[in-house]
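It should be emphasised that the depicted structure is a prediction, and the values quoted were computed from it without experimental measurement. Computed from heavy atoms alone, side chains included, the values below leave out hydrogens, waters and symmetry copies.
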Amino acid sequence: MLNTIKKRLLIFGAGIVGSIYALRFAQSGLDVTLLARGKRLDAIQKNGLRYNDHCTIKQMSIKTIGKLEDDDIYDFIFVPVRFDQAESALSAIKNNQSQTIVTLTNTVSYESWLDIVGDRLLPGFPGAGGDMKEDVLYAQFGSEKHQGTIFGEINGQTSERVKELVEILETAGLHYEIQHDMYAFHVSHAAVAVGNKHFYTDEGVVDLETARSERTLSKIAADIKQNLRLVELAGIPVIPTETKAMGEMPEQDLTAMYRQMLSNDFIIDVMLGDHAISQRAEIMLLDEKFHEKFSVGQ
């Protein structure tokens, strides 16, 4: 515990996921700094990080910076940005000398990230989600281990920095999973995530009635099943078992599952709210990169 508290942590980005981790780390007494920009930086410096706690708006004072200096060294830099922002964020970190950079985002390939930051990369995936309304954070953490923060070395080994990250997450009381095939996890998750492209229009997102319609949900179900087949055809295991099961269930069961999800107000906010609109660029790019990598005949 004492060793963990001494570790310097930087959250590179004050969006929803970054804010959630910064809040939880700060509440747990960890040494965390949040990099924010523009109005978001001003708001946090003036009012603290504002968040909803069981319908009460609270605030937490958190150290913030607006720019990362090359000689400002952290034990872990967390990069919780959208897939379409990842290369830009990593490029901004490139010349900083911190030795471990934990990406918490979607991807279907590590090559370009490794080109930028080399073996400092520790790929992961966030175990949190939510929405932001008028600078107030509405957050939800995974309550089961498979919904927790997922991370692991590309080579599958349990390195010292993986063990140190475990200590940090345990200190913060966060569920986690050390994943020994991060690449298979990322590709499997992307295969499902890109199905959400059918919630988008050129103007934003569809209305709730359209989202719940048989026409929309059957497109999503068909895409998910086809995408997971492509992953398996490429010789990559579909993980975790819950994702594999989605590829094996009948389309009508998948549509029923999504319709049930869209009866939950929190999930509706995440999938169809302001956060979803900002995610459009990520999902479209992820869909494009997924099908470049896993198209029929390759």
Side-chain angles (χ1 to χ4, degrees), residues 17 78-84 86-87 90 100-129 142 144-163 165-166 169 174-197 220-249 254 257-258 279 282-298:
V17 174
F78 297 85
V79 186
V81 299
R82 299 194 315 253
F83 174 58
D84 56 308
E87 287 190 17
L90 292 174
T100 300
I101 300 167
V102 184
T103 49
L104 296 173
T105 188
N106 288 299
T107 191
V108 292
S109 171
Y110 303 133
E111 281 83 356
S112 63
W113 296 358
L114 289 167
D115 286 344
I116 299 169
V117 298
D119 60 9
R120 294 182 291 163
L121 177 68
L122 180 59
F125 193 79
E144 302 293 333
K145 281 224 172 182
H146 70 266
Q147 295 173 314
T149 305
I150 296 170
F151 58 94
E153 297 286 2
I154 294 173
N155 63 13
Q157 295 179 359
T158 305
S159 61
E160 283 306 310
R161 65 182 184 177
V162 164
K163 295 174 186 175
L165 183 49
V166 164
L169 295 173
L174 294 179
H175 293 287
Y176 65 88
E177 178 188 335
I178 301 172
Q179 175 54 253
H180 297 289
D181 195 342
M182 263 319 290
Y183 181 65
F185 171 84
H186 265 130
V187 168
S188 300
H189 185 271
V192 173
V194 297
N196 288 346
K197 68 183 181 183
I220 292 173
D223 269 14
I224 288 172
K225 290 180 68 66
Q226 170 67 4
N227 292 345
L228 291 173
R229 274 195 296 270
L230 291 173
V231 173
E232 290 186 323
L233 285 171
I236 298 168
V238 172
I239 56 174
T241 53
E242 294 85 355
T243 305
K244 186 175 177 62
M246 291 174 76
E248 295 169 350
M249 67 173 64
L254 258 182
M257 184 179 85
Y258 268 75
Q279 267 194 316
E282 173 180 39
I283 294 298
M284 294 308 184
L285 181 63
L286 192 65
D287 183 58
E288 176 189 325
K289 296 298 182 184
F290 178 87
H291 287 100
E292 278 179 11
K293 203 166 187 68
F294 303 103
S295 60
V296 178
Q298 283 193 338

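The two residues E153 and S159 make their nearest non-hydrogen contact at OE2-OG, 2.5 Å. Nearest heavy atoms, P237 versus A184: O-CB, 3.5 Å. Minimum heavy-atom separation, N155 to Q157: OD1-N, 2.9 Å. Here the shortest heavy-atom pairing between V17 and P126 reads CG1-CB, 3.7 Å. Contact detail for Y183 and V108: the closest heavy-atom pair is CE1-O, 3.2 Å. Residues V231 and S188 approach most closely at CG1-OG, 4.5 Å, considering heavy atoms.
The NE2 atom of H189 sits 9.0 Å away from the CG atom of L286 when rounded to the nearest 0.5 Å. Note that CG of D115 and CD of E87 are 8.5 Å apart. Values are rounded to the nearest 0.5 Å. Interatomic distance, OG of S112 versus CG of L90, reported as 8.0 Å (0.5 Å rounding). Here CZ of F185 is found 3.5 Å from CD1 of I150. Values are rounded to the nearest 0.5 Å. Residue I239 holds its CD1 atom at 10.5 Å from NE2 of H186, rounded to the nearest 0.5 Å. Going from atom OG1 of T149 over to atom CG of L165 covers 8.0 Å, rounded to the nearest 0.5 Å.
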Scan the side chains in residues 190-197 for donor-acceptor partners under 3.5 Å anywhere in the protein, sequence neighbours excluded, and list what turns up.
from : atom 1 : to   : atom 2 : distance (Å)
K197 : NZ     : D287 : OD1    : 3.4
K197 : NZ     : D287 : OD2    : 3.1

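Residues L104 and F78 are in side-chain contact: their nearest non-hydrogen atoms beyond the backbone lie under 4.5 Å apart. Contact check for H291 versus N227: side-chain heavy atoms found under the 4.5 Å cut-off. With contacts defined as side-chain heavy-atom distances shorter than 4.5 Å, the pair M246/L254 qualifies. A 4.5 Å side-chain heavy-atom check between T158 and H180 finds at least one atom pair inside the cut-off. Within the 4.5 Å cutoff, no side-chain heavy atoms of V79 are placed close to those of V102. Between K289 and F83, the closest side-chain pair of non-hydrogen atoms falls below 4.5 Å. Proximity of F294 to V187: side-chain heavy atoms (C-beta onward) are separated by under 4.5 Å at one or more points.
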**OP:** Apply side-chain contact (heavy atoms from CB on, under 4.5 Å) to the pair Y110 and T103, showing each step before the final yes or no.
**Re:** CA-CA 10 Å; Y110 303 133; T103 49; 5.9 Å; no
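Salt-bridge formation is detected for the pair K163/E160: a Lys NZ or Arg NE/NH1/NH2 atom is positioned less than 4.0 Å from an Asp or Glu carboxylate oxygen.
Under the 3.5 Å distance criterion, the side-chain polar atoms of T105 are matched with a main-chain donor or acceptor of V81.
Using cut-offs of 30° and 60° for the angle between ring planes, the Y176 and F151 rings count as tilted.
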